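Notes follow once the structure below has been shown.
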Amino acid sequence: MVEILRMRNPVQHYAWGSREVLARLQGRPVPSDEPEAELWVGGHPAAPSTVVRDGRDEPLEGLPFLLKILAIDAPLSIQVHPSPEQAAAGFEREQRTGVPLDDPRRNYKDRSAKPETVVALTGVELLTGVRSAERLRATAERLGLDWLREVAGGGRPVLPSVLTMDEDAAAAAVRATVAAARAADPEDPVAAMVRYVQDRHPDDRGLLVAVCMNHVRLAPGQSLHTPAGQLHAYLSGTAIEVMSSSDNVLRAGLTGKHVDVAELLAVLADEQAEPEVVEPAADEHGRRVYPLWDERLSLTAHGLVPGRSVPVELEGTAVLLSTGEQVLVRAEDREWELGGGESLLHRGGGAVELSGDGRVFTVSCR
(Lines give C-alpha, C1' and ligand atoms only; values in the text may rest on other atoms or scores of the structure.)
Protein backbone atom coordinates (compact mmCIF):
# COMPACT_ATOMS: atom_id res chain seq x y z
CA MET A 1 0.00 0.00 0.00
CA VAL A 2 1.34 3.42 -1.00
CA GLU A 3 1.33 6.16 1.64
CA ILE A 4 2.28 9.79 0.92
CA LEU A 5 2.43 12.25 3.81
CA ARG A 6 3.37 15.90 4.04
CA MET A 7 6.32 16.60 6.39
CA ARG A 8 7.22 19.46 8.71
CA ASN A 9 10.97 19.89 9.11
CA PRO A 10 12.91 21.59 11.94
CA VAL A 11 15.59 24.25 11.47
CA GLN A 12 18.78 24.03 13.55
CA HIS A 13 20.19 27.31 14.87
CA TYR A 14 23.99 27.00 14.95
CA ALA A 15 26.33 29.98 15.06
CA TRP A 16 27.81 29.24 11.62
CA GLY A 17 24.40 29.42 9.91
CA SER A 18 23.03 32.07 7.57
CA ARG A 19 20.32 34.60 8.47
CA GLU A 20 19.14 34.70 4.86
CA VAL A 21 19.39 31.40 2.96
CA LEU A 22 16.76 29.23 4.63
CA ALA A 23 14.45 32.16 5.36
CA ARG A 24 14.52 33.22 1.70
CA LEU A 25 14.07 29.62 0.52
CA GLN A 26 10.98 29.23 2.70
CA GLY A 27 9.55 32.66 1.92
CA ARG A 28 10.03 34.06 5.43
CA PRO A 29 11.25 37.56 6.41
CA VAL A 30 14.96 38.22 5.85
CA PRO A 31 17.12 38.41 7.89
CA SER A 32 15.97 35.78 10.37
CA ASP A 33 16.12 36.57 14.09
CA GLU A 34 19.03 34.15 14.63
CA PRO A 35 21.42 32.11 12.48
CA GLU A 36 19.75 29.21 10.66
CA ALA A 37 22.31 26.54 9.80
CA GLU A 38 20.48 23.36 8.81
CA LEU A 39 17.04 22.19 7.72
CA TRP A 40 16.64 18.60 8.93
CA VAL A 41 14.50 16.12 7.00
CA GLY A 42 14.40 12.80 8.80
CA GLY A 43 13.85 10.99 12.07
CA HIS A 44 16.88 12.04 14.11
CA PRO A 45 15.75 11.70 17.75
CA ALA A 46 17.16 15.13 18.69
CA ALA A 47 14.87 16.92 16.22
CA PRO A 48 12.69 14.61 14.13
CA SER A 49 10.54 15.79 11.28
CA THR A 50 6.85 15.24 11.75
CA VAL A 51 4.41 13.78 9.25
CA VAL A 52 0.87 15.06 8.93
CA ARG A 53 -1.64 12.23 9.25
CA ASP A 54 -5.38 12.95 9.50
CA GLY A 55 -4.61 16.56 10.40
CA ARG A 56 -2.25 15.65 13.25
CA ASP A 57 1.55 15.87 13.46
CA GLU A 58 3.33 12.62 14.30
CA PRO A 59 7.12 12.36 14.93
CA LEU A 60 8.89 10.50 12.14
CA GLU A 61 10.75 7.38 13.23
CA GLY A 62 12.79 4.65 11.58
CA LEU A 63 14.29 6.52 8.64
CA PRO A 64 17.88 5.22 8.16
CA PHE A 65 19.25 8.51 6.83
CA LEU A 66 19.09 12.23 7.56
CA LEU A 67 18.65 14.65 4.65
CA LYS A 68 19.69 18.25 5.25
CA ILE A 69 19.94 21.63 3.61
CA LEU A 70 23.12 23.31 4.87
CA ALA A 71 23.30 27.13 4.92
CA ILE A 72 26.99 27.74 5.70
CA ASP A 73 27.94 31.33 6.55
CA ALA A 74 31.09 30.55 8.59
CA PRO A 75 33.48 27.59 8.85
CA LEU A 76 32.24 24.51 10.68
CA SER A 77 34.57 22.70 13.07
CA ILE A 78 37.31 20.55 11.55
CA GLN A 79 36.19 17.02 12.32
CA VAL A 80 36.36 13.32 11.62
CA HIS A 81 33.79 10.54 12.03
CA PRO A 82 34.48 6.98 13.26
CA SER A 83 33.98 3.73 11.38
CA PRO A 84 31.14 1.41 12.50
CA GLU A 85 33.61 -0.66 14.51
CA GLN A 86 35.21 2.38 16.13
CA ALA A 87 31.83 3.87 16.97
CA ALA A 88 30.55 0.68 18.61
CA ALA A 89 33.75 0.18 20.61
CA GLY A 90 33.95 3.84 21.65
CA PHE A 91 30.31 3.96 22.74
CA GLU A 92 30.65 0.81 24.86
CA ARG A 93 33.90 2.10 26.42
CA GLU A 94 32.34 5.39 27.46
CA GLN A 95 29.27 3.56 28.77
CA ARG A 96 31.49 1.35 30.94
CA THR A 97 33.42 4.31 32.32
CA GLY A 98 30.20 6.13 33.17
CA VAL A 99 30.52 9.21 30.95
CA PRO A 100 26.99 10.68 30.75
CA LEU A 101 25.51 10.98 27.26
CA ASP A 102 25.05 14.72 27.76
CA ASP A 103 28.61 15.30 29.04
CA PRO A 104 30.35 17.76 26.64
CA ARG A 105 33.52 15.63 26.94
CA ARG A 106 31.74 12.57 25.57
CA ASN A 107 32.99 11.53 22.11
CA TYR A 108 30.51 8.78 21.20
CA LYS A 109 26.80 9.56 21.48
CA ASP A 110 25.67 6.34 19.74
CA ARG A 111 27.00 3.14 18.16
CA SER A 112 26.83 4.32 14.55
CA ALA A 113 29.20 5.59 11.90
CA LYS A 114 28.45 8.92 10.22
CA PRO A 115 29.22 8.75 6.50
CA GLU A 116 28.00 11.78 4.59
CA THR A 117 27.62 12.96 1.00
CA VAL A 118 27.18 16.60 0.04
CA VAL A 119 25.78 18.09 -3.19
CA ALA A 120 26.37 21.78 -3.84
CA LEU A 121 23.34 24.01 -4.46
CA THR A 122 25.54 27.10 -4.79
CA GLY A 123 29.31 27.29 -4.93
CA VAL A 124 30.58 25.45 -1.82
CA GLU A 125 34.05 25.66 -0.30
CA LEU A 126 35.34 22.96 2.00
CA LEU A 127 38.46 21.36 3.41
CA THR A 128 39.07 17.63 3.20
CA GLY A 129 41.98 15.28 3.83
CA VAL A 130 45.63 16.28 4.07
CA ARG A 131 47.80 17.60 1.27
CA SER A 132 51.01 15.82 0.35
CA ALA A 133 54.25 16.75 2.09
CA GLU A 134 55.55 18.09 -1.22
CA ARG A 135 52.61 20.48 -1.60
CA LEU A 136 52.88 21.55 2.03
CA ARG A 137 56.57 22.33 1.60
CA ALA A 138 55.72 24.45 -1.45
CA THR A 139 53.16 26.38 0.62
CA ALA A 140 55.70 26.80 3.43
CA GLU A 141 58.24 28.29 1.02
CA ARG A 142 55.71 30.54 -0.71
CA LEU A 143 54.35 31.99 2.54
CA GLY A 144 57.53 31.72 4.60
CA LEU A 145 56.05 29.44 7.27
CA ASP A 146 58.81 27.83 9.33
CA TRP A 147 56.45 25.66 11.37
CA LEU A 148 54.93 24.17 8.20
CA ARG A 149 58.38 23.59 6.71
CA GLU A 150 59.32 21.64 9.83
CA VAL A 151 56.22 19.42 10.04
CA ALA A 152 56.23 18.71 6.28
CA GLY A 153 59.89 17.74 6.29
CA GLY A 154 60.20 16.02 9.64
CA GLY A 155 59.51 12.49 8.46
CA ARG A 156 56.58 12.15 10.89
CA PRO A 157 52.91 12.18 9.81
CA VAL A 158 51.78 15.78 9.47
CA LEU A 159 48.60 15.81 11.55
CA PRO A 160 50.03 14.27 14.74
CA SER A 161 52.84 16.81 14.55
CA VAL A 162 50.40 19.71 14.28
CA LEU A 163 47.83 18.46 16.78
CA THR A 164 50.36 17.67 19.51
CA MET A 165 52.29 20.93 19.18
CA ASP A 166 52.56 22.60 22.60
CA GLU A 167 50.34 25.62 23.27
CA ASP A 168 53.06 28.28 23.06
CA ALA A 169 54.46 26.90 19.81
CA ALA A 170 50.97 26.58 18.32
CA ALA A 171 50.05 30.15 19.29
CA ALA A 172 53.27 31.46 17.73
CA ALA A 173 52.60 29.44 14.56
CA VAL A 174 49.07 30.84 14.30
CA ARG A 175 50.36 34.42 14.65
CA ALA A 176 53.03 33.83 12.00
CA THR A 177 50.52 32.23 9.64
CA VAL A 178 48.01 35.06 9.96
CA ALA A 179 50.74 37.68 9.44
CA ALA A 180 52.02 35.84 6.36
CA ALA A 181 48.50 35.54 4.93
CA ARG A 182 47.86 39.26 5.34
CA ALA A 183 51.13 40.10 3.60
CA ALA A 184 50.68 37.57 0.78
CA ASP A 185 49.31 37.97 -2.72
CA PRO A 186 45.55 38.58 -2.26
CA GLU A 187 44.87 35.86 -4.84
CA ASP A 188 46.91 33.19 -3.05
CA PRO A 189 44.27 30.51 -2.22
CA VAL A 190 45.85 29.35 1.05
CA ALA A 191 46.36 32.92 2.27
CA ALA A 192 42.76 33.80 1.38
CA MET A 193 41.49 30.76 3.28
CA VAL A 194 43.61 31.71 6.33
CA ARG A 195 42.20 35.25 6.35
CA TYR A 196 38.64 33.95 6.06
CA VAL A 197 39.06 31.43 8.89
CA GLN A 198 40.92 33.89 11.14
CA ASP A 199 38.15 36.46 10.76
CA ARG A 200 35.58 33.95 12.03
CA HIS A 201 37.66 31.88 14.48
CA PRO A 202 40.32 34.32 15.74
CA ASP A 203 43.58 32.70 16.88
CA ASP A 204 42.13 29.16 16.92
CA ARG A 205 44.95 26.63 16.59
CA GLY A 206 42.70 24.67 14.23
CA LEU A 207 43.89 27.19 11.65
CA LEU A 208 47.16 25.23 11.48
CA VAL A 209 45.24 22.05 10.65
CA ALA A 210 43.26 23.92 8.00
CA VAL A 211 46.47 25.02 6.27
CA CYS A 212 47.46 21.35 5.91
CA MET A 213 44.18 20.28 4.27
CA ASN A 214 42.99 20.11 0.68
CA HIS A 215 40.89 23.17 -0.24
CA VAL A 216 38.05 22.19 -2.58
CA ARG A 217 35.52 24.33 -4.43
CA LEU A 218 32.35 22.60 -5.58
CA ALA A 219 30.26 24.11 -8.36
CA PRO A 220 26.46 23.72 -8.20
CA GLY A 221 25.57 20.09 -8.90
CA GLN A 222 28.96 18.71 -7.89
CA SER A 223 29.21 16.24 -5.03
CA LEU A 224 31.77 14.93 -2.55
CA HIS A 225 31.62 11.97 -0.18
CA THR A 226 33.31 11.93 3.23
CA PRO A 227 34.15 8.41 4.45
CA ALA A 228 34.97 7.35 8.00
CA GLY A 229 38.34 8.61 9.21
CA GLN A 230 38.53 11.51 6.74
CA LEU A 231 39.30 14.96 8.16
CA HIS A 232 36.95 17.61 6.77
CA ALA A 233 35.28 20.97 7.35
CA TYR A 234 32.76 23.01 5.36
CA LEU A 235 33.67 26.68 4.89
CA SER A 236 30.86 28.39 2.94
CA GLY A 237 27.94 27.89 0.60
CA THR A 238 24.57 26.14 0.45
CA ALA A 239 24.29 22.39 -0.06
CA ILE A 240 22.21 19.27 0.26
CA GLU A 241 23.69 16.65 2.58
CA VAL A 242 22.72 13.02 3.10
CA MET A 243 24.18 11.30 6.15
CA SER A 244 23.65 8.54 8.64
CA SER A 245 21.67 9.68 11.70
CA SER A 246 24.61 9.72 14.10
CA ASP A 247 26.12 12.34 16.42
CA ASN A 248 29.63 10.84 16.60
CA VAL A 249 32.11 13.66 15.91
CA LEU A 250 35.79 14.00 16.86
CA ARG A 251 36.93 17.61 16.47
CA ALA A 252 40.34 19.00 15.52
CA GLY A 253 39.71 22.74 15.81
CA LEU A 254 37.67 25.81 14.80
CA THR A 255 35.32 25.09 17.68
CA GLY A 256 34.64 25.92 21.29
CA LYS A 257 33.59 22.31 21.88
CA HIS A 258 35.63 19.46 23.35
CA VAL A 259 38.76 18.44 21.39
CA ASP A 260 40.15 15.01 22.32
CA VAL A 261 43.40 14.83 20.37
CA ALA A 262 44.28 11.27 21.39
CA GLU A 263 40.89 9.87 20.33
CA LEU A 264 40.90 11.95 17.16
CA LEU A 265 44.23 10.49 16.13
CA ALA A 266 42.99 6.99 16.94
CA VAL A 267 39.99 7.45 14.63
CA LEU A 268 41.86 9.28 11.86
CA ALA A 269 42.52 7.14 8.78
CA ASP A 270 46.21 6.62 8.00
CA GLU A 271 45.54 7.48 4.37
CA GLN A 272 43.57 10.68 3.85
CA ALA A 273 41.85 10.24 0.50
CA GLU A 274 42.37 12.78 -2.26
CA PRO A 275 39.16 14.70 -3.01
CA GLU A 276 37.04 12.91 -5.60
CA VAL A 277 34.49 15.35 -6.94
CA VAL A 278 31.51 13.67 -8.61
CA GLU A 279 29.41 15.42 -11.25
CA PRO A 280 26.87 13.02 -12.79
CA ALA A 281 25.54 13.83 -16.22
CA ALA A 282 21.84 14.67 -16.45
CA ASP A 283 19.59 12.32 -18.42
CA GLU A 284 16.86 13.39 -20.83
CA HIS A 285 14.55 14.15 -17.89
CA GLY A 286 17.10 16.34 -16.10
CA ARG A 287 17.89 13.66 -13.50
CA ARG A 288 21.29 13.34 -11.87
CA VAL A 289 21.95 10.23 -9.75
CA TYR A 290 24.58 10.51 -7.02
CA PRO A 291 26.35 7.50 -5.47
CA LEU A 292 25.92 6.96 -1.74
CA TRP A 293 27.83 4.78 0.73
CA ASP A 294 25.08 2.13 0.95
CA GLU A 295 23.70 0.39 -2.15
CA ARG A 296 20.27 0.32 -0.49
CA LEU A 297 20.17 4.13 -0.61
CA SER A 298 19.83 6.31 -3.70
CA LEU A 299 20.03 10.09 -4.13
CA THR A 300 18.66 11.78 -7.23
CA ALA A 301 18.41 15.45 -8.17
CA HIS A 302 15.56 16.26 -10.55
CA GLY A 303 16.01 19.47 -12.53
CA LEU A 304 12.54 20.76 -13.39
CA VAL A 305 11.61 23.25 -16.11
CA PRO A 306 8.18 24.88 -16.52
CA GLY A 307 5.82 23.12 -18.87
CA ARG A 308 7.39 19.66 -18.65
CA SER A 309 6.49 16.79 -16.31
CA VAL A 310 9.08 14.31 -15.09
CA PRO A 311 8.19 10.70 -14.18
CA VAL A 312 9.92 9.35 -11.07
CA GLU A 313 9.92 5.76 -9.88
CA LEU A 314 10.44 5.44 -6.11
CA GLU A 315 11.44 2.35 -4.16
CA GLY A 316 10.75 1.43 -0.56
CA THR A 317 10.64 4.49 1.68
CA ALA A 318 11.56 7.80 0.08
CA VAL A 319 11.73 11.50 0.86
CA LEU A 320 11.07 14.19 -1.77
CA LEU A 321 12.54 17.61 -0.90
CA SER A 322 11.94 20.74 -2.96
CA THR A 323 14.57 23.47 -3.31
CA GLY A 324 12.50 25.38 -5.88
CA GLU A 325 9.83 28.02 -5.53
CA GLN A 326 6.89 25.85 -6.54
CA VAL A 327 6.79 22.15 -7.33
CA LEU A 328 3.80 19.95 -8.03
CA VAL A 329 3.85 16.25 -7.13
CA ARG A 330 1.15 14.01 -8.63
CA ALA A 331 0.43 10.42 -7.61
CA GLU A 332 -2.69 8.24 -7.66
CA ASP A 333 -4.99 11.08 -8.73
CA ARG A 334 -3.76 13.33 -5.92
CA GLU A 335 -1.58 16.43 -5.97
CA TRP A 336 0.73 18.11 -3.49
CA GLU A 337 2.28 21.56 -3.89
CA LEU A 338 5.76 21.98 -2.39
CA GLY A 339 7.50 25.29 -1.76
CA GLY A 340 11.18 25.72 -1.00
CA GLY A 341 12.32 23.49 1.85
CA GLU A 342 9.08 21.50 1.91
CA SER A 343 9.00 17.72 1.60
CA LEU A 344 6.89 14.58 1.34
CA LEU A 345 7.37 11.12 2.80
CA HIS A 346 6.55 8.35 0.30
CA ARG A 347 6.17 4.77 1.54
CA GLY A 348 5.43 1.66 -0.49
CA GLY A 349 7.20 2.43 -3.74
CA GLY A 350 5.65 3.42 -7.02
CA ALA A 351 5.58 6.22 -9.56
CA VAL A 352 5.06 9.94 -9.06
CA GLU A 353 5.14 12.82 -11.51
CA LEU A 354 7.01 16.06 -10.84
CA SER A 355 6.49 19.44 -12.49
CA GLY A 356 7.27 23.05 -11.75
CA ASP A 357 10.42 25.16 -11.62
CA GLY A 358 13.57 24.33 -9.65
CA ARG A 359 14.98 21.13 -8.17
CA VAL A 360 13.61 18.22 -6.22
CA PHE A 361 15.91 15.83 -4.39
CA THR A 362 14.72 12.31 -3.71
CA VAL A 363 16.39 9.88 -1.30
CA SER A 364 15.08 6.32 -1.42
CA CYS A 365 15.78 3.40 0.87
CA ARG A 366 15.09 -0.10 -0.42
Side-chain angles (χ1 to χ4, degrees), residues 1-11 22 25-27 39-44 47-69 117 119 121 221 240-245 280-292 294-366:
M1 178 181 175
V2 174
E3 182 179 50
I4 303 175
L5 300 172
R6 187 173 291 276
M7 304 175 70
R8 304 192 200 279
N9 305 308
V11 170
L22 294 180
L25 176 68
Q26 296 184 315
L39 179 75
W40 283 18
V41 185
H44 193 291
S49 298
T50 59
V51 293
V52 182
R53 192 193 307 273
D54 299 326
R56 295 177 300 174
D57 285 7
E58 299 177 1
L60 178 62
E61 298 179 348
L63 204 62
F65 60 84
L66 180 60
L67 175 61
K68 298 180 179 180
I69 300 178
T117 295
V119 178
L121 294 177
I240 289 288
E241 184 182 58
V242 184
M243 54 169 279
S244 175
S245 292
D283 68 9
E284 69 275 16
H285 297 294
R287 290 187 292 237
R288 299 178 188 268
V289 180
Y290 295 89
L292 294 178
D294 187 330
E295 63 182 10
R296 295 169 297 179
L297 299 177
S298 64
L299 168 64
T300 305
H302 307 269
L304 305 179
V305 295
R308 186 179 71 179
S309 297
V310 175
V312 176
E313 189 70 32
L314 300 172
E315 297 183 275
T317 298
V319 167
L320 300 88
L321 172 65
S322 169
T323 62
E325 292 185 2
Q326 189 172 26
V327 169
L328 190 64
V329 181
R330 296 186 181 91
E332 298 187 333
D333 300 322
R334 290 181 292 168
E335 294 183 345
W336 293 262
E337 287 188 3
L338 297 180
E342 294 186 329
S343 64
L344 296 175
L345 179 70
H346 187 290
R347 287 189 173 125
V352 300
E353 187 178 84
L354 305 178
S355 60
D357 189 9
R359 278 170 293 188
V360 172
F361 287 83
T362 59
V363 184
S364 297
C365 178
R366 295 192 293 272

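What you see is a predicted model; the values in this text were computed from it and never measured.
Remark: the backbone N or O of Gly42 is paired with a side-chain donor or acceptor of Ser49 at under 3.5 angstrom.
Here the straight-line distance linking atom CD of Glu241 with atom CZ of Phe65 works out to 13.0 Å at 0.5 Å rounding. The OG atom of Ser364 sits 9.5 Å away from the CD atom of Glu313 when rounded to the nearest 0.5 Å. Here the straight-line distance linking atom OG of Ser322 with atom CD1 of Ile69 works out to 8.5 Å at 0.5 Å rounding. A distance of 12.5 Å separates CD1 of Ile240 from OG1 of Thr117, quoted to the nearest 0.5 Å. To the nearest 0.5 Å, atom CG of residue Leu344 and atom CD of residue Glu337 are 11.5 Å apart. Expressed to the nearest 0.5 Å, how far CG of Leu345 lies from CD1 of Ile4 amounts to 9.5 Å.
When all heavy atoms are compared, the tightest approach of Arg287 to Pro311 is NH1-O, 2.7 Å. The two residues Gly339 and Glu342 make their nearest non-hydrogen contact at N-OE1, 2.6 Å. What you find for Val242 and Val363 is that their closest heavy atoms are CG2-CG2, 4.0 Å. In terms of heavy atoms, Ala282 sits closest to Arg288 at N-NH1, 3.7 Å. The minimum heavy-atom distance between Gly221 and Pro280, with the atom names listed, is O-CD, 4.3 Å. Considering all non-hydrogen atoms of both residues, Ser343 and Asn9 come closest at OG-ND2, 2.9 Å.
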Inset, instruction - Go through the steps to decide whether Met7 and Val51 satisfy the test side-chain contact (heavy atoms from CB on, under 4.5 Å), and finish with yes or no. - result: CA-CA 4 Å; Met7 304 175 70; Val51 293; 4.2 Å; yes
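The environment of Arg308 atom CZ is dense: over 12 non-hydrogen atoms of other residues, nucleotides or ligands sit within 6.0 angstrom. For CD of Glu335, the number of neighbouring non-hydrogen atoms (other residues, nucleotides, ligands) closer than 6.0 Å is greater than 12. Within 6.0 Å of the CZ atom in Arg56, the count of heavy atoms belonging to other residues, nucleotides or ligands does not exceed 12. Surrounding CZ of Arg366 are more than 12 heavy atoms belonging to other residues, nucleotides or ligands, all under 6.0 Å away.
Contact annotation: the side chain of Leu121 approaches that of Arg359 to within less than 4.5 Å [non-hydrogen atoms, C-beta and beyond].
The side-chain contact (heavy atoms from CB on, under 4.5 Å) test with Leu314 singles out one residue from Thr300, Val2, Val352, and that residue is Val352. With Phe361 as reference, Thr323 is the one residue of Val319, Val41, Leu320, Thr323 to meet the side-chain contact (heavy atoms from CB on, under 4.5 Å) rule.
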